[in-house]
Amino acid sequence: MENPAIGVSGLMRVKNEAEFIALSVESCIDALDELIIVFQDCQDNTPQIIDDLVKKYPTKISAYHYIHEIKSHQLNDNEFDIISNLPQNSPELLATYYNFALSKCNYKYALKIDGDQIYNTQKLIKICDAYRSTVKKKISLSEYISGLSLHFLSNINSFINNCLINSWTIPCQGKRIVEKYEQYVIKMINNKKNPTNLNGFNLCFINGQPSLCNGEYGNYGFPPFNGVYDHLIFPVSTDTYFIPNPIKSKHTKYGNCVIERFNYDSKLKLRFGFGWKWKLLQGGFMWFHVAPLKRCNKIEFQSIPFNENISIIKSGTDFKSSLFNSSRFWMLLFYKNYKFCESENINLTKICKIVLKSDNK
């Protein structure tokens, strides 16, 4: 795409997301310049809901039916061998499906959005506005020092995890330094248009109360946080595309799988030791991930109340294994200093109503 317009495109790939997709779209649409929805064949009324959303936002939402069947998760050995050896651009690969959505972008920056993520609209607007801004902002000394120190500590933490003590995290607290870092992030986006990593909370309800999951993907559960370098706001360029990623495992969520890997990861060196991460900013928690609440996932989850003592999360069975070493530092830091705002509490109420309605069917 030559000379794309300045703005942010949302990329949403969906299948059987009827319960929450409307709320997901409503939570992010005001922040985006466009939303590209690509959907596969569904067994629920997701296509009809998408059609209604396109009619409601005709200048912002474009929808496409991806007609090819994709086999990506829980493959038997024969399926795994066949799919692993497909041509890299085969329409049956998950990576090609992702690239199809990416090819529809009309703007310079893009963000992968899932149909089961309910966004903090105002926070997303603030970040997307910074990508649209042409006004440079002065970074104060205290803001610069917060950025320098936190990224340095993150790199030290990754090095220790990878080379010495796995699952250890440098203690780092302080609401003030987090506030300064958040200001630093917005100004760096304004000035440099750095890619930004976003994360969310894996949400469940225990006795009617919203809670943070504290289980593990590998045991039919969910860890506390969602994202883990999977959702970046990134520049659309020849360096940003998805490639097939075959993985053999006994993982209860994935099993033998041929999923996608973002080629841009290697450029940012996200996950390895002292990889130079200055280009990648950390935007903090941006959404509630409601995958644990889907009707097909009605199981008992390990959980803890929101804003519970952080030591409980540290001892969670999956917190040590489900998050990349380089992300653990940031998630603990942001969570320690997080306070839910009014709009997030409103979203929790809306989510709860959907869950109760589903339970009563």
Side-chain angles (χ1 to χ4, degrees), residues 8 27-28 30-31 109 111 117-133 135-158 169-201 203 210 212 224-229 231-233 277-289 305-314 323 326-348:
V8 181
S27 72
C28 68
D30 288 345
Y109 304 98
L111 167 64
Q117 293 172 335
I118 314 303
Y119 274 77
N120 180 328
T121 306
Q122 295 307 311
K123 286 184 70 175
L124 187 60
I125 287 174
K126 188 175 181 180
I127 286 182
C128 290
D129 280 348
Y131 280 100
R132 287 184 283 260
S133 176
V135 178
K136 302 290 185 180
K137 293 191 175 182
K138 183 178 180 180
I139 298 176
S140 70
L141 179 61
S142 61
E143 291 165 349
Y144 179 77
I145 290 173
S146 73
L148 182 73
S149 59
L150 290 180
H151 279 275
F152 177 75
L153 288 173
S154 172
N155 277 327
I156 292 291
N157 191 85
S158 294
T169 304
I170 296 173
C172 184
Q173 298 190 49
K175 184 177 181 180
R176 185 63 175 164
I177 193 172
V178 172
E179 289 175 348
K180 287 292 181 181
Y181 180 76
E182 289 173 343
Q183 295 164 9
Y184 168 82
V185 166
I186 294 298
K187 291 181 179 180
M188 284 293 288
I189 295 172
N190 268 277
N191 298 348
K192 303 291 186 180
K193 309 304 181 192
N194 296 51
T196 305
N197 178 59
L198 307 177
N199 298 294
F201 300 105
L203 180 68
L212 193 65
F225 307 125
N226 173 241
V228 193
Y229 295 135
H231 293 267
L232 311 179
I233 301 182
K277 301 171 195 168
W278 287 108
K279 289 185 178 180
L280 181 66
L281 300 170
Q282 299 292 333
F285 294 113
M286 196 66 58
W287 64 78
F288 294 119
H289 187 221
F306 278 120
N307 297 324
E308 185 58 85
N309 189 307
I310 200 69
S311 63
I312 297 178
I313 297 181
K314 281 186 178 180
L323 306 178
S326 53
S327 70
R328 186 182 298 111
F329 170 86
W330 293 104
M331 290 189 172
L332 287 174
L333 175 71
F334 284 123
Y335 185 77
K336 287 177 184 178
N337 297 281
Y338 201 84
K339 184 175 178 61
F340 291 110
C341 65
E342 181 180 356
S343 62
E344 287 174 305
N345 289 325
I346 292 173
N347 279 343
L348 285 173

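Quick caveat, the model's predicted, so the values are computed rather than measured.
- Every residue two or more places apart in sequence or in another chain that forms a ring pair (Phe, Tyr, Trp, His ring centres under 6.0 Å) with Y181 is listed here: H151, Y184, W330.
- Judged as a salt bridge (Lys or Arg N to Asp or Glu O under 4.0 Å), and not counting sequence neighbours, K180 has no contacts.
- Two rings, from Y338 and F201, have their centers less than 6.0 Å apart.
- Residues satisfying the ring pair (Phe, Tyr, Trp, His ring centres under 6.0 Å) criterion with H231, sequence neighbours excluded, are W287.
- Residues I177 and N337 are not in side-chain contact: their nearest non-hydrogen atoms beyond the backbone lie 4.5 Å or more apart.
- Of the possible polar contacts, none joining the K137 side chain to the N191 backbone as a donor-acceptor pair under 3.5 Å is found.
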Would you list the atom pairs, donor with acceptor, under 3.5 Å between side chains in residues 123-130 and any protein atom, with sequence neighbours excluded?
unit_1 : atom_1 : unit_2 : atom_2 : d
K123   : NZ     : F285   : O      : 2.6
D129   : OD1    : R132   : NE     : 3.4
D129   : OD1    : R132   : NH2    : 2.7

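- Not one N or O on the side chain of N120 forms a donor-acceptor pair closer than 3.5 Å with the backbone of M286.
- Atom CD1 of I189 sits about 6.5 Å away from atom CD1 of I233, to the nearest 0.5 Å.
- Take D30 and apply the salt bridge (Lys or Arg N to Asp or Glu O under 4.0 Å) test, not counting sequence neighbours, and it matches no residue.
- You'll find the side chain of Y131 reaches within 4.5 Å of the side chain of T196, heavy atoms only.
- Rounded to the nearest 0.5 Å, atoms CG (L281) and CE (M188) are 5.5 Å apart.
- No donor-acceptor pair closer than 3.5 Å links the side chain of S27 to the backbone N or O of T121.
- Within the model, atoms CG of L111 and CG of L232 stand 8.5 Å from one another, a figure rounded to the nearest 0.5 Å.
- Taken from CD in E344 to CD in Q122, the straight-line distance is 11.0 Å, to the nearest 0.5 Å.
- Taking 4.5 Å as the limit, every side-chain heavy atom of Q282 sits out of range of all side-chain heavy atoms of L333.
- Partners of E182 according to the salt bridge (Lys or Arg N to Asp or Glu O under 4.0 Å) rule, which considers only residues two or more places apart in sequence or in another chain, do not exist here.
- Rounded to the nearest 0.5 Å, atoms CG (L150) and CG (N155) are 11.5 Å apart.
- The distance from the CD atom of Q183 to the CD1 atom of I139 is 11.0 Å, given to the nearest 0.5 Å.
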